[in-house]
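Naming convention: chains lettered A, B, ... in sequence-line order (proteins, then strands); numbering from 1 in each chain.
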There are 2 protein chains.
Amino acid sequence: MTARPPAGYGYVSAASLPSVAPRPTLRDVATQAGVHPATASRALNEATRSLVRPATVARVREVAAALGYQVNPIARSLKTSRSETVGVLVPDLTNPLFPPIVRGIEDALADSGYTVLTANTDNDPARTSSNFAAMQARQVDGFIVATALLDDPLMHDAAERGVPMVLVNRLTEHLDVSAVSADDATGIERTVAHLVELGHRDIAHVAGPLRVSTGAVRLRAFRAAMQSHGLRDDRVVEAEAYSEAAGRTALLRLLDGNRPTAIVAGNDLLALGCYDALAETGLSCPDDVSIVGFNDMPFINRLQPPLTSVRVPQYDLGVEAARLLLDRLSGRTVTPRVVLLPVRLVVRGSTAPPPTVKRPARAAG
Amino acid sequence: MTARPPAGYGYVSAASLPSVAPRPTLRDVATQAGVHPATASRALNEATRSLVRPATVARVREVAAALGYQVNPIARSLKTSRSETVGVLVPDLTNPLFPPIVRGIEDALADSGYTVLTANTDNDPARTSSNFAAMQARQVDGFIVATALLDDPLMHDAAERGVPMVLVNRLTEHLDVSAVSADDATGIERTVAHLVELGHRDIAHVAGPLRVSTGAVRLRAFRAAMQSHGLRDDRVVEAEAYSEAAGRTALLRLLDGNRPTAIVAGNDLLALGCYDALAETGLSCPDDVSIVGFNDMPFINRLQPPLTSVRVPQYDLGVEAARLLLDRLSGRTVTPRVVLLPVRLVVRGSTAPPPTVKRPARAAG
DNA sequence: AGCGTCCTTGCAAACGACTGCATGCTCGGG
DNA sequence: CCCGAGCATGCAGTCGTTTGCAAGGACGCT
């Protein structure tokens, strides 16, 4: 075996091409500035800069700039065991709920020099565990978690050990961690109020999976709201997942009995599924049944009919989560906080007064 | 100042709690297995395993498993100057085109043990540069770039220096890098053929920005297709961006003259903008004007009317890009390749035969 | 029986930055 | 004029792995 340069990098003898100049190291800067690497390090480092004579600082920084020096985050991480990187775990980036959140996180973190490692868990325990472990191994300084499963032992342990962690759009009662979420309860409350105002009395709820915190929270809010209006709060069916298919199935099950005049769907995807179910049953929205979604996904205003939905400030959710984490990382805040962001009911074409023909005993007019 | 443990990690005196066991290091494994760290390293490392006696390998691996040892990627990176990490640059994760691509990339890379660093550039040169630099500093092994701007000097230099890089959904002629893209030309060709078959002759193109490669490619394809049918190929207006607003503006400009019976939009967002413009002008789609989009975004089948569009296999685009990059990183392939993935025209309600009233001289029937 | 050759393993030097400690210098006060 | 304090800087070890080199042992062959 003859010695070979590593393949793939267009390696050439130094004579022929201006061979790729290796990135300058701290030592290069130091030498060129006529100081010891330690001094250069201190001069370049915000926190230790005060230990170095201003003139020296200036000289070092000049040289560094001239050489285009950038610290090697890897070497730094090895020594400091921090990485200026945070891990973001989402179930599925393809779900329109998450991109704005992730975007908000990235924007907010980038301002502080952090970068983001993302992974999709599909809410699958195995994937969650392995992704989480991989991120921990890469020394991420903290986590932002939008995944449902907090039962993951790895994650649970980590949280209890005090690994910085913020939950987005998911709450937990078992664990003492910061979380930021939309004010789902108020959203549901307004939704119910809106429907009641339109004249609905038979209102059903197609709930998201109850093992997911949003599913449980919204169901509870639905019950509370219905009770406060003195209405039956037990017309509820749980969807198996937050998906169109699950929404369709759930509503079909519900329509089997005597049908409600309005449906509060656990989220927009479920609402879309409800559209399908209604279409299959020959019912019309909103003439026969009104439907309200949750999240106000992009383009949902262009559906037929445009969906009334609760707008969740997803981007801000991400930004706020990032802030919480940054506070935690900087040591400013240590006690977990829960932040609820306000929501807004956006009324569109999918909600209308109930059909009066519903009570055939009365006059049809 | 009394010495203080670093804040925020629930630090306690070693006696009171089972203090957080630091992750075992290679040295721990070695000691416990009664070998030198170097041997342990070789035993644990796929590529060097053959240098170690099988019995020793087994012993080391057992101990490693028992201790729950995982290599420290940071230390490894420092030594090998590779990071098992790739950088992904997208303009905006919030644009529904990109999540599936990113997801495909992540899934394909995860299988090979790579993790993904993502950043949004907004197609802004400054953001692009700084993100790119930050990723390079973090020793990413390669890049997958979905951003329009290849003029970025940093990126351009990097590409020429042979930094592994794959373009997604963007092509370039100035640079010799691998790229994977949808077969846009064929998509447009099929679109035009479909419209012609329906009876359309006056077909216009609302093109995406021409400085973006997809904009240019699709325009060229449109011209070619029209010519091949012997039709006028100059009814074209360029949108300033791939956005609904730009699509609306562009079409309004176009409708000023005598109007076409069908519109080929540069992508779905532009098509949505066209919907708006038609609505404002009191025209109906598809009765007065047919519209075709590009990309087949999620939920676009639920619009009013459901949009005929060219389906692009976005997820596969991401997977393929990841594969190309992996090939490159493993040194198997060094010559750049361009991969075009097949597309499919999905016909829905936004396309119909042209209104016959258009030629008032003829019979109205 | 001796010697050469693998094969297996150990040694130690990196990779690049950070940091506790030591050192040398300057300056001021008595 | 001397000494101590304090500031600025240098020294060297360290983080956890990888890897070229060398050494030791076992084995086969003559």
Completion exercise
Closest to the side chain of B:Val52, out of D:dG13, C:dT9, D:dG16, is C:dT9

Practice task
Let me know the distance between CD of A:Glu46 and C1' of C:dC18, rounded to the nearest Å.
Solution key: 16 Å

Exercise for the section: To the nearest Å, give me how far apart CZ (A:Arg49) and P (D:dA8) are. Expected result: 14 Å

Completion exercise
Closest to the 5' end of DNA chain C, once B:Gln139 and B:Leu51 are matched to their nearest nucleotides, is B:Leu51

Exercise for the section: Check the distance between C:dA17's C1' and A:Arg82's CZ and give it to me in whole angstrom. Expected result: 12 Å

Practice task
Examine D:dT9: is either OP1 or OP2 under 4.0 Å from a nitrogen or oxygen in the side chain of A:Thr56? Give yes or no.
Solution key: yes

Exercise for the section: Check every atom of C:dT8, C:dA17, C:dG16 against the side chain of A:Leu26 and return the nucleotide holding the closest atom. Expected result: C:dA17

Problem - B:Ala75 or B:Thr39, whichever maps to the more 5' nucleotide of DNA chain D - result: B:Ala75

Handout entry: Any A:Arg53 side-chain nitrogen or oxygen under 4.0 Å from OP1 or OP2 of D:dT9
Key = yes

Problem - Any A:Thr25 side-chain nitrogen or oxygen under 4.0 Å from OP1 or OP2 of C:dG16 - result: no

Exercise for the section: Provide, to the nearest angstrom, the distance between the CD atom belonging to A:Gln70 and the P atom belonging to C:dG16. Expected result: 14 Å

Exercise for the section: Using whole Å, report how far OH of A:Tyr69 lies from C1' of C:dG16. Expected result: 7 Å

Practice task
Using only side-chain N and O atoms of A:His36, determine if any of them is under 4.0 Å from OP1 or OP2 of D:dC11.
Solution key: yes

Exercise for the section: Say whether, by atom type as modelled, one donor and one acceptor occur between the side chain of B:Ser178 and the main chain of B:Val166 under 3.5 angstrom. Expected result: no

Exercise for the section: Determine, for A:Asp122 against A:Arg127, whether the closest basic-nitrogen to carboxylate-oxygen distance falls under 4.0 angstrom. Expected result: yes

Exercise for the section: Please check the phosphate of D:dT18 (OP1 and OP2 only) for any side-chain N or O of B:Arg76 closer than 4.0 Å. Expected result: yes

Practice task
May I ask you to check whether over 12 heavy atoms, not counting those of B:Arg27, lie within 6.0 Å of atom CZ?
Solution key: no

Practice task
Classify the side chain of B:Arg23 versus the base of D:dG16 as yes if they form a donor-acceptor pair under 3.5 Å and no if they do not.
Solution key: no

Exercise for the section: Among the candidates C:dT8, D:dT17, C:dT9, find the nucleotide nearest to the side-chain atoms of B:Arg42. Expected result: C:dT9

Exercise for the section: Examine C:dC18: is either OP1 or OP2 under 4.0 Å from a nitrogen or oxygen in the side chain of A:Asn45? Give yes or no. Expected result: yes

Completion exercise
From the candidates D:dT17, D:dA8, C:dA17, the one with an atom nearest any side-chain atom of B:Lys79 is D:dT17

Problem - Donor-acceptor pair, side chain of B:Asn123 and main chain of B:Pro91, under 3.5 angstrom - result: no

Exercise for the section: Round to a whole Å and report the spacing from CG of A:Asn72 to C1' of C:dC15. Expected result: 9 Å

Practice task
Spell out yes or no: do the side chain of B:Arg27 and the base of C:dG10 have one donor N/O and one acceptor N/O closer than 3.5 Å?
Solution key: no

Practice task
Report yes if at least one side-chain N or O of B:Ser41 is closer than 4.0 Å to OP1 or OP2 of D:dT18; otherwise report no.
Solution key: yes

Exercise for the section: Please step through side-chain hydrogen bond (donor to acceptor under 3.5 Å, both in side chains) for the pair B:Thr118 and A:Glu106, ending with a clear verdict. Expected result: CA-CA 9 Å; B:Thr118 48; A:Glu106 290 197 355; 2.6 Å; yes

Practice task
May I have the distance from B:Leu78 (atom CG) to D:dT14 (atom C1'), rounded to whole angstrom?
Solution key: 12 Å

Handout entry: B:Val86 vs B:Leu109, side-chain contact (heavy atoms from CB on, under 4.5 Å): CA-CA, chis, key distance, verdict
Key = CA-CA 9 Å; B:Val86 322; B:Leu109 287 179; 3.2 Å; yes

